[in-house]
Amino acid sequence: MVDPLLSVKNLMSGYGDIQILWGVDFHINEGEAVCLVGANGAGKSTLLRTLSGLLRVRSGQIAFMGQDLTNRSPRQVLSHGIVHVPEGRRLFGPMSVLDNLLTGAYLRTDRANIRHDLERMLDLFPILAERRHQAAGTLSGGEQQMCAIARGIMSKPKLLMIDELSLGLAPKMVDHLGEALQKVKREGLSLLLVEQDVATAFELTGRGIVLDSGRVSLIGPTEELSINPMVQQAYMGIA
Ligand code: ATP
């Protein structure tokens, strides 16, 4: 059997005295798109922060492409191919779209390919090409999300983790983002999406993880989760 791309075992983490994650187990296979859903405060962002090295692992293990990444620094995690697009996007507002995209590549050593990847991102998101010289802070929310995702992909990750993909965005913008993500997935990128709109999350991914009070309560194919009455009632507003 092929090893998973990412394997998370019995992960515990939190903030100061407060423990948020209580033994989280899951894996992501190479080329897979997985969503992480759950109520507000369930620990979804905390899980992404722990995976990306921003929060300490209290116990448990994170393995990625056969390497132990438990308690590595954010820079080391990034250099191994996991990129985190945080909630709120965190672009450099006064800097141009192009310069923001280039900051995504700052750890890369294959300088010659960076230009090519930049062009690829501008093809993927034509609106960013139009606005390439504009300050990122002046973009619309959806354009900023595109810029943040493109910046993430500029680091040449194997796994792209996006926190709150669609929050505050118009449905049409979410469709554009969804199409772009399907495209990069077809090119081999694996995805972990945190998404408050569970129906959208299930449309964009093949497998879902339901987090409940810092524990995994369900994992399965999204086509099964989307017809699970418990999931429908708790997370999709279907009585
Ligand atoms: P949401 O959709 O509301 O962001 P979430 O599932 O992403 O939900 P988290 O943001 O991971 O949830 O928060 C999980 C818990 O951790 C919450 O109870 C939250 O109050 C707490 N928490 C988050 N950030 C911090 C922090 N910096 N310090 C202390 N507690 C925090």
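We count ligands from 1, going down the list as the structure has it; atoms in each ligand are counted the same way. Treat the numbers as computed from the prediction; the structure is a model and nothing was measured.
Considering all non-hydrogen atoms of both residues, Ser213 and Trp22 come closest at O-CD1, 3.8 Å.
Put simply, the residue from Val216, Val8, Thr50 that forms a side-chain contact (heavy atoms from CB on, under 4.5 Å) with Leu21 is Thr50.
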Show the atom names and distances, to 0.1 Å, of all donor-acceptor pairs under 3.5 Å that link a side chain in residues 156-171 to residues at least two apart or in another chain.
from	atom 1	to	atom 2	distance (Å)
Asp163	OD2	Ser45	OG	2.7
Glu164	OE1	Gln196	N	3.1
Ser166	OG	Glu195	OE1	3.3
Ser166	OG	Glu195	OE2	2.5
Ser166	OG	Gln196	NE2	3.3

Distance-only criterion, 3.5 Å: show the donor-acceptor pairs between side-chain atoms of residues 184-193 and protein atoms not counting sequence neighbours.
from	atom 1	to	atom 2	distance (Å)
Glu187	OE1	Arg120	NH1	2.7
Ser190	OG	Gly31	N	2.7

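Counting heavy-atom neighbours within 6.0 Å of Arg90 CZ, excluding the residue itself, gives a total of 12 or less.
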Enumerate the pairs of nitrogen or oxygen atoms, one from ligand 1 and one from the protein, separated by less than 3.5 angstrom; state names and distance to 0.1 Å.
from	atom 1	to	atom 2	distance (Å)
ligand 1	2 (O)	Asn40	OD1	3.4
ligand 1	2 (O)	Lys44	NZ	3.4
ligand 1	2 (O)	Glu164	OE2	3.4
ligand 1	3 (O)	Gly41	N	3.4
ligand 1	6 (O)	Ala42	N	3.1
ligand 1	6 (O)	Gly43	N	2.9
ligand 1	6 (O)	Lys44	N	2.8
ligand 1	6 (O)	Lys44	NZ	2.8
ligand 1	7 (O)	Ser45	N	2.9
ligand 1	7 (O)	Ser45	OG	2.9
ligand 1	8 (O)	Gly41	N	2.8
ligand 1	11 (O)	Ser45	N	3.4
ligand 1	11 (O)	Thr46	N	2.9
ligand 1	11 (O)	Thr46	OG1	2.5
ligand 1	12 (O)	Gly43	N	3.3
ligand 1	24 (N)	Tyr15	OH	3.4

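The side-chain hydrogen bond (donor to acceptor under 3.5 Å, both in side chains) test applied to Asp68 returns Thr70, not counting sequence neighbours.
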